[in-house]
Amino acid sequence: MKTAIILGATGVTGGVLLQKLLTDSRYDIIKIFSRNSVGFSHPKIQEYLIDMLQLENYKANFMGDHVFCCIGTTNTKTPDKDLYRKIDYGIPVTAAKLCKENNISTFIVISALGANTKSTIFYNRIKGEMEESVLAIGILKTHIMQPSLIEGKREEKISFYLS
């Protein structure tokens, strides 16, 4: 049996992934690292409600077989570019480092179509930098997903990222 770790399980993509993993017989534990609860309990779920910008402090709990990083924010939620970078770049790169340190051989991260370190578009540049940094860490099985547009019901409110 395997353990999955999900970062971003309260978001659109992470929420869909969580539902799929709950019915997947290959996983008996699903660890969720998040700042908010998913809002329900399940025998497979272990929730860690934390300050995601301090993920490195949870290395001892960050143990599993596969890490799914579905972290991301929007300009509406996070208009501050420094904070935006800490979320969309910092959290995935920290998670990848924890994978390497804890011998987790599979890291799956959502990026974006058009990700490019040389882009003049802030969003695409951050995603490109994240991809480059994650790949440099050298996790055995690194998968980078580049969707074009993720649609789904969101609760978009103008608020700043708080722990």
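All residue numbers refer to positions in the sequence shown, counting from 1.
Between Val67 and Cys99, the shortest heavy-atom contact is CG2-SG, 3.4 Å. Contact record, Met52 with Arg35: CG-N, 4.0 Å, taken as the closest heavy-atom pair. Nearest heavy atom pair, residue Asp80 against residue Leu83, reads OD1-N, 2.7 Å. Residues Ser25 and Met1 come closest through the heavy atom pair O-CE, 3.1 Å.
A distance of 10.0 Å separates CD1 of Ile144 from CD of Glu132, quoted to the nearest 0.5 Å. A distance of 12.5 Å separates OG1 of Thr73 from CD1 of Ile126, quoted to the nearest 0.5 Å. Expressed to the nearest 0.5 Å, how far CD1 of Ile29 lies from CD1 of Ile5 amounts to 10.5 Å. The CG atom of Asn102 sits 4.5 Å away from atom CE of Met63, with the distance rounded to the nearest 0.5 Å.
Counting only heavy atoms from C-beta outward, the side chains of Met130 and Ser111 approach each other to under 4.5 Å. The shortest side-chain heavy-atom distance between Asn36 and Leu49 does not fall under the 4.5 Å cut-off. For the pair Asp65 and Ile104, the minimum side-chain heavy-atom distance is 4.5 Å or more. Contact annotation: the side chain of Val134 approaches that of Val93 to within less than 4.5 Å [non-hydrogen atoms, C-beta and beyond]. Using a 4.5 Å cut-off on side-chain heavy atoms (C-beta onward), Leu21 and Ile6 make contact. A 4.5 Å side-chain heavy-atom check between His143 and Val109 finds every atom pair outside the cut-off. Side-chain contact between Cys69 and Ile108 is absent, with no heavy-atom pair separated by less than 4.5 Å. In this structure, the side chains of Cys70 and Leu7 stay at 4.5 Å or more apart for every pair of heavy atoms.
Applying the 6.0 Å contact sphere to NZ of Lys44 captures more than 12 heavy atoms from other residues, nucleotides or ligands.
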Working note: Leu53 + Ile91, criterion side chain to side chain contact (heavy atoms under 4.5 Å, CB included); need CA distance, chi angles, decisive distance, verdict. CA-CA 6 Å; Leu53 299 178; Ile91 295 171; 4.0 Å; yes
Stepwise side chain to side chain contact (heavy atoms under 4.5 Å, CB included) test for Gln146 and Lys127: CA-CA 9 Å; Gln146 293 185 329; Lys127 293 296 189 181; over 6 Å; no
Run the side chain to side chain contact (heavy atoms under 4.5 Å, CB included) test on Leu55 and Leu98 for me, step by step, so that the C-alpha distance in whole Å, both residues' side-chain angles and the decisive distance to 0.1 Å come before the verdict. CA-CA 9 Å; Leu55 183 60; Leu98 289 174; 3.7 Å; yes
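Applying the salt bridge (charged side-chain N to carboxylate O under 4.0 Å, His left out) test to residues at least two apart or on different chains, none of the pairs has a partner in residues 6-21. For residues 28-51, the set of pairs meeting the ring pair (Phe, Tyr, Trp, His ring centres under 6.0 Å) definition, not counting sequence neighbours, comprises Phe33-Tyr48, Phe33-Phe62. Counting only residues at least two apart or on different chains, the ring pair (Phe, Tyr, Trp, His ring centres under 6.0 Å) pairs with a member in residues 98-122 are Tyr84-Phe122. Within the structure, salt bridge (charged side-chain N to carboxylate O under 4.0 Å, His left out) contacts touching residues 25-34 (residues at least two apart or in different chains) are Asp24-Arg26. Listed by first and then second residue, the side-chain hydrogen bond (donor to acceptor under 3.5 Å, both in side chains) pairs that reach into residues 112-124 come to none, sequence neighbours excluded.
Counting only N and O atoms by type, the side chains of Glu47 and Ser34 include no donor and acceptor under 3.5 Å apart.
Salt bridge present: Glu101 and Lys59 bring a charged side-chain N and a carboxylate O closer than 4.0 Å.
Residues Val16 and Phe68 fall into different hydrophobic clusters, defined by Ile, Leu, Val, Met, Phe, Trp and Tyr side chains chained together at heavy-atom separations under 4.5 Å.
Remark: of the listed residues Ile30, Thr13, Thr10, Ile30 is the sole one forming a side-chain contact (heavy atoms from CB on, under 4.5 Å) with Leu18.
With sequence neighbours left out, Glu129 forms a side chain to side chain donor-acceptor pair (under 3.5 Å) with Arg85.
Side-chain atoms of Lys100 come within 3.5 Å of backbone N or O of Gly138 as a donor-acceptor pair. With Asp88 contributing its side chain and Ile71 its backbone, the two residues share no donor-acceptor pair below 3.5 Å.
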